[in-house]
There are 2 protein chains.
Amino acid sequence: MDIAIINTWLLTFQGDNLGIIQDGALGIEDGKISYVGSTDGFNYKEADRIIEGTDHVAMPGLINGHIHTPLTLLRGGAQDLPEIEWMNKGILPLAMHMTLEDLICGSKLGVLEGLRTGTTTFAEYTINAVDILEKVYLPWQVRVVATEMINEVGFGRTHLKPIDLYEFDRSKGENELKRAQELFQKFRSEELVTCMYGPQALDMVSLDLLKTIKEQAIEQNAGIHMHVAQGQRERLQITGRYGKNASTVKVLHKNGLLGPFLLAAHCHDTNEKERELMVKEGVKMVACPSAIGMIDGIVPPVGHYVELGGSAGLGTDQAAGPGSHNLFREMRTASLLTKTLHRDPTVLPAWKALQLATIGGAKILGIASKVGSLEVGKQADVITLNLRHLHLTPTVSRPFRNFIPNLVYSTNGTEVDNVIINGKVILSKGKFVNIDEQAIIEEANIRAKRIFESASEDWKKANSKLVKYTQEGWL
Amino acid sequence: MDIAIINTWLLTFQGDNLGIIQDGALGIEDGKISYVGSTDGFNYKEADRIIEGTDHVAMPGLINGHIHTPLTLLRGGAQDLPEIEWMNKGILPLAMHMTLEDLICGSKLGVLEGLRTGTTTFAEYTINAVDILEKVYLPWQVRVVATEMINEVGFGRTHLKPIDLYEFDRSKGENELKRAQELFQKFRSEELVTCMYGPQALDMVSLDLLKTIKEQAIEQNAGIHMHVAQGQRERLQITGRYGKNASTVKVLHKNGLLGPFLLAAHCHDTNEKERELMVKEGVKMVACPSAIGMIDGIVPPVGHYVELGGSAGLGTDQAAGPGSHNLFREMRTASLLTKTLHRDPTVLPAWKALQLATIGGAKILGIASKVGSLEVGKQADVITLNLRHLHLTPTVSRPFRNFIPNLVYSTNGTEVDNVIINGKVILSKGKFVNIDEQAIIEEANIRAKRIFESASEDWKKANSKLVKYTQEGWL
């Protein structure tokens, strides 16, 4: 046996509840889980590495269902802005100054932050996915569900008014589809990689190209990961293009583009009937409550989607808005925002949030046979958390386990002290085993300084409200 | 000079904006701030202690405007419950098994958690305030705005239906008022202590006693800290007692109980007109978004109160609901919840949240002449944060300071590495100077185990929904 975790609280997520095991143990061999059960009677002494789990919880690694890690390098770059300004006046003037090397550095930063706080699978949605995988995920041996973003709209649109329709550039779309195919060809046999197709959103891609992508996805038994119904900015494009009663979900449905192959991100500009339709068609949903709350002032409808019986997970999107790739924080945020949206403190309880970030995430990404719960035979993606912190104290187990709500409502992510992916220890006792964290912070600061400074004039010219706030001494 | 902090970003909160100073320095002498300005030209070399502030932000210590620290020992004890069950079926069956020693231990835990994450003033609202001050705040030399809770309703009300009116017990109220007077007598000359009167809420105290308290408060030039309009549970009592059109704000107004002497906590069961009235009367508000979101599924109306020009601050309430006494987290939560309530991502921007937790908190507690900003002559309550963490990277300062939004949206509280109260260093380089954190965690675990186990039968008998969830393996 390679690794044994002993004397720990286990949350296995097997079966219909959390699968709680007291004084539990976990065995890991050849990258897979070889034992799950009581420490008592578990023959762990020959294990190469024994992790003592007293005062700890061991659980499946968290699964981030929607993340753009390269944009982490723009953290703090755009927030507190009107939704209609956020992308074109806030983020784009900065993002346009990023080089490929910047994207890779941003990705490293985002992945490290996620790993540090217990994420073991990243549904990476990016441009230059091949490079990001080759330079970040594969060398670090981190599980990734990779999507090359495809759109037919150029970056040079900061001059457009929200009502002006974007012009589609089919050759750009075809070129990006080729890059997506290259991603599939290069990595589909990699143990740690799953590939999906990534048309950006219905306002950014023509129906024609979408249908081509769907055909290819179905042929390759792959999923489509797409932003769906992202709010006012998208709706103006959709009604302008498809008629005043059109909506993203209606147009997708009419064109056969809703189905179990679709992972729909955000979905905050959908109504109840549209969500019912999506659930009926087997569409999966990923919600990023921090990002959508911050960028749009809207709570993504994940509570309703779950109530309807839909398959859902959580993601952190990009760091420029919500500021964080910490899925423990995201669970808390999802629960609190959903409770206030429904005006009901019982919705999305702690245990449901924990499911969304583990087995729920695995299901929406189509990898639940491999990860998302602690079961013998699954890949060993496991994290442990130390409960002996001020903010998690006290820990009691009778008459109920108070540490389960505390895992969601009280953690800050720093309690994660071991992170294991595919049986390999990435973080040990709170320290990265093979990654120089400070060197990456250093590089990120140097690169960001250059990006923000060279973007300075464009940013001022775009003239978002942040320019005024900066002049006034608030920023 | 006792302490000099040099080469740092300073957020002074002087004037009409954040008072940002680059390459700033701060001098501390005899417990007070003796210098605020540029490092250049600051003669710091003779200081007894020099804190190098490169890659750091120094700012006023945070001010928690409403906290019940003793209940921290019940963290994770009641959440995900219907509001109407939360107090009487959730928290009370546990709280009834707490001894005075338990309350003190819970207070230590809550204060430590707050200190660790940058809080330097605690508006402590509790029973046994004298003991809590003598055993926790004074020995640790932590600034406190202390309130002894006064009510006329016994704990033995778990059998009551929500519609049953609580019986008022005037002698209990008088007795608690005496304890409050004792608090004033003992501590009002203490440098670190400010006292307030604390009638619990209009459903828990008679109008007669409230008027007596108001007279005494005005006579002593002290404030009244009171829970106001806390939702359905309170409203049922108010309409049952004062008529079907009655509301807490209306009844308080009619009886001369709204005024600048009042600090109103929560206020989520108020309408716009009532809040206008409160602002007009000079009432101060303290909002606890995590607690009220979690317990009631409601966003406290702090955004509206601020828009109206009202004086407001933030608090963390008790840990059994929201799970945390981390004011950095509370700023983020306040901003996100308010944005989604208003459906407007521009409301409660980062800098406004920072104000609420610093100078705003000082104003609502009536101590803004002493603390809340970095100004020469004020008491030296100062914290520093290390920006060199993955989750705060990158840091840029041109064309704007991205670290300001990151302080609100990306921090987890662990970046706080120096905490200074009244010129005394409490936390140095992330470690408590004179407090054994692990010993308190140990004691808290032992005490909580006894409380929860001895409360087991009462908790099951109260039969909140958590009992069922526990049986089903969710908790």
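Below, chains carry the letters A, B, ... as their sequence lines are ordered, and counting in each starts from 1.
- Residue contact with chain A, scored on non-hydrogen atoms closer than 4.5 Å, involves the backbone of B:His389 exclusively.
- Comparing B:Pro345, B:Pro349, B:Ser397, B:Ala448 by how many heavy-atom pairs each has under 4.5 Å with chain A, the most go to B:Pro345.
- For the residue pair B:Ser324/A:Arg332, the side-chain donor-acceptor check at 3.5 Å is not satisfied.
- Interface remark: B:Ile298 contributes backbone and side-chain atoms alike to the contact with chain A (heavy atom separation under 4.5 Å).
- Contacts between A:Thr414 and chain B at a heavy-atom distance below 4.5 Å involve the side chain alone, from C-beta outward.
- No other option in A:Val408, A:Thr333, A:Thr338 has as many heavy-atom pairs under 4.5 Å with chain B as A:Thr333.
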Sequence neighbours left out, cut at 3.5 Å: what donor-acceptor pairs do the side chains of residues 468-475 of chain B make with other protein atoms?
from	atom 1	to	atom 2	distance (Å)
B:Thr470	OG1	B:Leu466	O	2.7
B:Glu472	OE1	B:Trp474	NE1	3.3

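- When heavy atoms are compared at a cutoff of 4.5 Å, B:Asp344 approaches chain A solely by way of its backbone atoms N, CA, C and O.
- Neither the backbone nor the side chain of A:Asn326 comes within contact range of chain B, judged by heavy atoms closer than 4.5 Å.
- Only the backbone of B:Thr411 comes within less than 4.5 Å of a heavy atom of chain A; no side-chain atom from C-beta onward does.
- Chosen from B:Asn402, B:Thr393, B:Leu11, the residue pairing most often with chain A at heavy-atom distances under 4.5 Å is B:Thr393.
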Run the numbers on A:Asp296 and B:Lys339 for salt bridge (charged side-chain N to carboxylate O under 4.0 Å, His left out), then give the verdict.
CA-CA 8 Å; A:Asp296 301 79; B:Lys339 287 175 193 310; over 6 Å; no
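- Of the atoms belonging to A:Glu85, not a single heavy atom falls under 4.5 Å from chain B.
- Using a 4.5 Å cut-off between heavy atoms, B:Arg75 touches chain A through backbone and side chain atoms alike.
- Heavy-atom pairs under 4.5 Å with chain A were tallied for B:Lys460, B:Glu457, B:His342, B:Gln438; the largest tally goes to B:Gln438.
- Not one N or O on the side chain of B:Asn445 forms a donor-acceptor pair closer than 3.5 Å with the backbone of A:Val396.
- If you measure heavy-atom distances from B:Leu407 to chain A, you find no contacts under 4.5 Å at all.
- Of the atoms belonging to A:Arg116, it is side-chain heavy atoms, and not backbone ones, that fall under 4.5 Å from chain B.
- More than 12 heavy atoms of other residues, nucleotides or ligands sit less than 6.0 Å from atom CG of B:Asp436.
- In this structure, A:Asp80 contributes its side chain and B:Val347 its backbone to no donor-acceptor pair below 3.5 Å.
- With a 4.5 angstrom heavy-atom cutoff, B:Ile404 touches chain A only via side-chain atoms.
- In plain terms, the two heavy atoms of A:Leu73 and B:Pro394 that are nearest each other are O-CG, 3.2 Å.
- Contacts of B:Glu442 with chain A are made by both backbone and side-chain atoms, with heavy-atom separations under 4.5 Å.
- Of all non-hydrogen atoms in B:Thr346 and A:Leu81, the two that sit nearest each other are CG2-C, 3.6 Å.
- Chain A forms more heavy-atom pairs under 4.5 Å with one residue of B:Pro289, B:Gly323, B:Pro399 than with any other, namely B:Pro399.
- The interface of residues 105-113 of chain A with chain B, defined by heavy-atom distances below 4.5 Å, comprises A:Leu109, A:Leu112, A:Glu113.
- When A:Ile295, A:Leu337, A:Thr72 are compared by the number of non-hydrogen pairs under 4.5 Å with chain B, A:Leu337 comes out ahead.
- When all heavy atoms of B:Arg329 and A:Ser410 are compared, the pair lying nearest together is NH1-CA, 3.6 Å.
- Heavy atoms of A:Leu392 lying under 4.5 Å from chain B belong exclusively to its backbone.
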